[in-house]
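Below: one structure, written as structure tokens.
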Amino acid sequence: MVLVFAEATNGKFKKAAHEVVTYGAKTAAALGTECVALTLGDVTDAGDLGRFGASKVYNLSAPELATFDGSVYTAAIAGAARQLGAKVIILLHNSTGKNLVGRLAARLDAGSVPGANAIPSTDGGFSVRKSVFSGKAIADVSINTDYKVISLSGNSIPVEESGSAVSVESISVDLPAAKTKVLETKRAEGITPLPEAELVVSGGRGLKGPENWGVIQDLADALGATTACSRPVADVGWRPHHEHVGQTGVAIRPNLYIAAGISGAIQHLAGVNSSKTIVVINKDPEAPFFKAADYGVVADLFDVLPRLTEAIKAHKAG
Amino acid sequence: MKMLVCVSKTPETTTKIQLNGDHSDLDYSGVNYIMNPYDEWYALVRALELKEAAGGSVTILNVGPADNDAVIRKGLAIGADDAIRVDATGGGSLFIAKQIAAQAKAGGYDIIWFGKETIDYNGSEVGAMVAELLDVAYVGEASHLEMNGTTATVTRDIEGGIEIVEVSTPFAISAAKGMAEQRIPNMRGIMMAKRKPLNVVAAEDAAATTSVKSYELPPAKTAVKLIDPENMEELVRLLHEEAKVI
Ligand SMILES: Cc1cc2nc3c(=O)[nH]c(=O)nc-3n(C[C@H](O)[C@H](O)[C@H](O)COP(=O)(O)OP(=O)(O)OC[C@H]3O[C@@H](n4cnc5c(N)ncnc54)[C@H](O)[C@@H]3O)c2cc1C
């Protein structure tokens with residue numbers, strides 16, 4: 001059996017949860033077994049996960065699960081897996097997942113693949129592909145143990161509906177005391193976080209200064225995109241650190257990445273070259289980024305970005 | 001505060017990745033190595049700052065072959081007191097975590113530091129494994145830490161925001177950007193590093209739970225389509241009709 005941990009944010013499931021359930025259902029199909037979803041804490045509409053292929057949804061609610069603690073969540077997920085007889089455990093490779101994959105693997109003495117980006121291959125063993133070197137290469141990793149733990153990179157596979165809503169069953173597991181105490185959680189409202197974003201508009205040193213970011217923001221607003229930046233821009237404080245993408249920043253794989261005033265250094269490319277479509281706007285025709293781009297515009301970004309924004313608005317207005 | 005900083009050796013960030021003949025491994029010829037940036041810039045430096053503020057010790061730990069000693073010496077040059085190398089090659093994440101946990105248990109450390117991930121395998125899992133094996137708290141992708149006695153207030157990065165948590169020693173933590181600023185070793189540090197102890201110990205028995213079967217390179221991009229800067233309507237049309245991303 002495949003057990004998917006479907007994480008909810010403030011009680012609701014986002015697209016990433018639908019992706020991970022879709023992934024679990026496809027993995028179960030490859031193994032000829034069923035996929036069940038586990039939800040933790042108070043959630044609404046858990047049964048809806050059935051639409052993405054979960055044959056059953058379990059919910060574990062306990063006061064200890066109200067805030068995140070790695071040990072408590074690990075006990076919950078590993079306990080549910082043992083109780084249900086699930087040998088493959090799948091979760092998201094997001095901030096929660098990164099706190100859990102290693103713990104689950106250690107607890108179950110399992111092989112794990114963090115940051116998978118394709119459905120496991122089951123011919124001649126069990127192996128999962130993941131990107132390595134921040135996207136410069138892909139490794140096919142074999143798991144050699146009975147229990148298997150996989151975390152899925154966001155935006156790696158399309159969400160697919162393959163079923164209908166199912167009933168939700170309660171489950172109970174003994175939970176330990178928390179080892180961390182959450183004092184405060186702060187999230188920017190209304191903006192899709194970079195790792196989950198499908199559309200990203202990014203600016204580099206070519207923007208010349210933080211006061212010029214309006215041209216990036218206007219395009220992002222017109223598209224409904226999330227903004228990002230190159231490392232030097234975050235280092236000098238023109239933009240917040242969490243916007244820094246690349247080998248030593250956030251690695252992203254959106255459907256569309258628009259880069260303006262970014263030269264395309266190898267460390268920058270490493271974190272963005274898994275994007276499905278890349279548009280590069282740079283006034284230097286020799287900028288290395290053009291080699292990694294699908295579409296390029298050789299021009300001054302201060303002329304082109306406002307024009308592109310208007311064209312997007314016109315397109316949206318139909 | 002007795003601290004252990006776990007470091008790994010990774011290819012330098014400008015490395016062009018190439019594969020060997022049968023794609024079973026990378027072609028390592030001509031590759032230069034560095035200490036994994038997250039380990040060096042953030043974990044090690046913050047540990048040194050805590051020691052400078054409140055006393056204690058900073059021990060570097062690496063699980064790897066003798067080739068890794070240069071990277072370990074760099075950590076000593078930046079300011080760590082001593083180092084341990086568990087002599088092993090490969091083994092996978094859980095194997096490595098078991099080696100670290102064994103050393104951590106023997107040494108009785110208050111804080112066990114990691115970088116948020118290695119820039120080669122991009123795993124982000126060893127720190128949490130060690131925490132589970134030792135049954136201690138773990139905070140992943142931490143961008144800020146303040147100590148108050150044996151209690152730490154830690155900021156960790158979450159999607160689109162931050163979470164502030166409190167943990168007590170002993171705990172494990174992985175450091176992200178924001179935790180500290182890179183330090184360049186000076187001449188005196190480099191000279192002193194040569195005399196600091198680097199203890200090599202044998203690895204414990206542990207199974208490899210994963211192994212890399214093969215590598216491949218991402219598909220090559222087709223040549224860029226250049227768009228007339230005066231005609232952004234054409235770019236929008238292509239994004240809509242050809243790339244189908246808007
Ligand atoms: C260990 C290490 C790790 C690193 N990690 C990262 C990382 O994770 N992410 C990252 O981004 N970088 C990283 N870097 C830095 C990287 O090497 C580059 O220095 C950086 O990406 C360059 O940023 P940039 O493209 O914004 O600036 P620049 O290289 O200065 O490029 C600016 C570009 O803007 C163009 N431009 C200027 N004005 C205009 C205009 N008016 N209109 C159009 N175009 C214009 C220029 O032609 C130029 O191509 C790392 C470096 C090291 C050593």
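A, B, ... follow the sequence lines: proteins, then strands. Residue 1 opens every chain.
- Annotation for B:E216: atom CD counts as buried by contact number, over 12 foreign heavy atoms lying within 6.0 Å.
- The existence of a salt bridge linking B:E125 and A:K98 is excluded, since no basic side-chain nitrogen approaches an acidic carboxylate oxygen closer than 4.0 Å.
- Residue contact with chain A, scored on non-hydrogen atoms closer than 4.5 Å, involves the side chain of B:T153 exclusively.
- Of the listed residues (A:L305, A:D303, A:T309, A:V304), just one forms a side-chain contact (heavy atoms from CB on, under 4.5 Å) with B:M232, and that residue is A:V304.
- Inter-residue side-chain proximity for A:Y295 and B:L239 is flagged as met; some heavy-atom pair is nearer than 4.5 Å.
- Ranked by non-hydrogen atom pairs under 4.5 Å with chain B, the options A:V250, A:I278, A:V132 are led by A:V132.
- In this structure, the separation between CD on B:E159 and NE2 on A:H242 is 12.0 Å, given to the nearest 0.5 Å.
- Counted within 6.0 Å of CG on B:D22, heavy atoms from surrounding residues, nucleotides or ligands total more than 12; the atom is thus considered enclosed.
- Comparing A:H93, A:E198, A:H241, A:E196 by heavy-atom pairs within less than 4.5 Å of chain B, the highest count is held by A:H241.
- Neither the backbone nor the side chain of A:S153 comes within contact range of chain B; no heavy atom of the residue lies under 4.5 Å from a heavy atom of that chain.
- Here the closest non-hydrogen pair linking B:V224 and A:G296 is CG2-N, 3.4 Å.
- Taken to the nearest 0.5 Å, the CG atom of A:L100 stands 10.5 Å off from the OH atom of B:Y138.
- B:K225 touches chain A through backbone and side chain together, each having a heavy atom under 4.5 Å away.
- Only the backbone of A:A110 has a heavy atom closer than 4.5 Å to any heavy atom of chain B.
- Not counting sequence neighbours, the partners of A:Y73 by the ring pair (Phe, Tyr, Trp, His ring centres under 6.0 Å) test are A:F68.
- Annotation for B:E241: atom CD counts as buried by contact number, over 12 foreign heavy atoms lying within 6.0 Å.
- When A:G97, A:A251, A:S274, A:G111 are compared by the number of non-hydrogen pairs under 4.5 Å with chain B, A:G111 comes out ahead.
- Between chain A and the options B:K98, B:H23, B:K177, the largest number of non-hydrogen pairs under 4.5 Å is found for B:K177.
- Residues B:G123 and A:P114 share a closest heavy-atom pair of O-CB, 3.2 Å.
- The residue among B:V139, B:T14, B:T10 with the most heavy atom pairs within less than 4.5 Å of chain A is B:T14.
- Looking at A:A292, the atoms closer than 4.5 Å to chain B (heavy atoms on both sides) all sit in the backbone: N, CA, C or O.
- A 6.0 Å sphere centred on NZ of B:K213 holds more than 12 heavy atoms belonging to other residues, nucleotides or ligands.
- The two residues A:K179 and B:A137 have their closest heavy-atom pair at CD-N, 3.5 Å.
- Heavy-atom distances place both the backbone and the side chain of B:D135 under 4.5 Å from chain A.
- Only the side chain of B:L26 comes within contact range of chain A, judged by heavy atoms closer than 4.5 Å.
- Looking only at side-chain heavy atoms (C-beta outward), B:L226 and A:V298 come within less than 4.5 Å of each other.
- Using a 4.5 Å heavy-atom threshold, the side chains of A:N99 and B:R156 count as touching.
- Smallest separation of non-hydrogen atoms from A:S131 and B:N122: O-OD1, 3.9 Å.
- Each of B:G161, B:G127, B:A128 has some count of heavy-atom pairs under 4.5 Å with chain A, and the biggest count is that of B:A128.
- Only the side chain of A:L223 comes within less than 4.5 Å of a heavy atom of chain B; its backbone N, CA, C and O stay farther away.
- Here B:E242 contributes atom CD and A:D294 contributes atom CG; the two are 9.0 Å apart, rounded to the nearest 0.5 Å.
- Residue A:L308 touches chain B through both its backbone and its side chain, counting heavy-atom pairs closer than 4.5 Å.
- With respect to chain B, the highest number of heavy-atom pairs below 4.5 Å among A:A234, A:G70, A:S71, A:S112 belongs to A:S112.
- Using a 4.5 Å cut-off between heavy atoms, B:F171 makes no contact with chain A at all.
- Residue-environment remark: NZ (B:K221) exceeds the threshold of 12 foreign heavy atoms within 6.0 Å.
- With respect to A:R187 and B:E163, no salt bridge is recorded, no charged nitrogen being found less than 4.0 Å from a carboxylate O.
- A heavy-atom distance below 4.5 Å is not found between the side chains of A:R103 and B:M129.
- In this structure, chain A has no heavy atom under 4.5 Å from any part of B:A97.
- In this structure, chain A has no heavy atom under 4.5 Å from any part of B:A207.
- Residues of residues 111-121 of chain B lying within less than 4.5 angstrom of chain A, judged on heavy atoms, are B:K116, B:I119, B:D120, B:Y121 in numerical order.
- Between B:I162 and A:E184 there is no side-chain heavy-atom pair separated by less than 4.5 Å.
- When each of B:A131, B:A220, B:S214 is checked for heavy-atom pairs under 4.5 Å with chain A, B:S214 comes out on top.
- For the pair B:P218 and A:A137, the tightest heavy-atom approach, listed with the atom from each and the gap, is CD-CA, 4.0 Å.
- The closest side-chain heavy-atom distance from A:S142 to B:S211 is below 4.5 Å.
- When each of B:D157, B:T210, B:V154 is scored by its heavy-atom pairs under 4.5 Å with chain A, the top score falls to B:T210.
- Here B:V165 is the residue among B:V165, B:N231, B:V167 with the most heavy-atom pairs under 4.5 Å with chain A.
- Taking a cutoff of 4.0 Å between a charged side-chain nitrogen and a carboxylate oxygen, A:R307 and B:E230 qualify as a salt bridge.
- For A:V279, the part sitting under 4.5 Å from any heavy atom of chain B is the side chain, from C-beta outward, and nothing else.
- Side-chain contact between B:T209 and A:T145: present, with at least one pair of heavy atoms (C-beta onward) separated by less than 4.5 Å.
- Looking at A:K136, its side chain does come within 3.5 Å of a backbone N or O of B:T15 through a donor-acceptor pair.
- With chain B as partner, the option from A:I138, A:N94, A:I266, A:T9 having the largest number of non-hydrogen pairs under 4.5 angstrom is A:I138.
- Heavy atoms of A:L194 lying under 4.5 Å from chain B are absent altogether.
- Looking at A:T180 and B:E166, their side chains never come closer than 4.5 Å, going by heavy atoms from C-beta outward.
- Within the model, atoms CG of B:L235 and CD1 of A:I312 stand 7.0 Å from one another, a figure rounded to the nearest 0.5 Å.
- Of the atoms belonging to A:K316, not a single heavy atom falls under 4.5 Å from chain B.
- More than 12 heavy atoms of other residues, nucleotides or ligands shown are found within 6.0 angstrom of NZ on A:K15.
- With chain B as partner, the option from A:K276, A:H244, A:K291 having the largest number of non-hydrogen pairs under 4.5 angstrom is A:H244.
- Expressed to the nearest 0.5 Å, how far CG of A:D109 lies from CG of B:L94 amounts to 5.5 Å.
- When all heavy atoms are compared, the tightest approach of B:G160 to A:P193 is N-CB, 3.5 Å.
- Atom CZ of residue A:F133 and atom CG of residue B:L217 lie 10.5 Å apart, to the nearest 0.5 angstrom.
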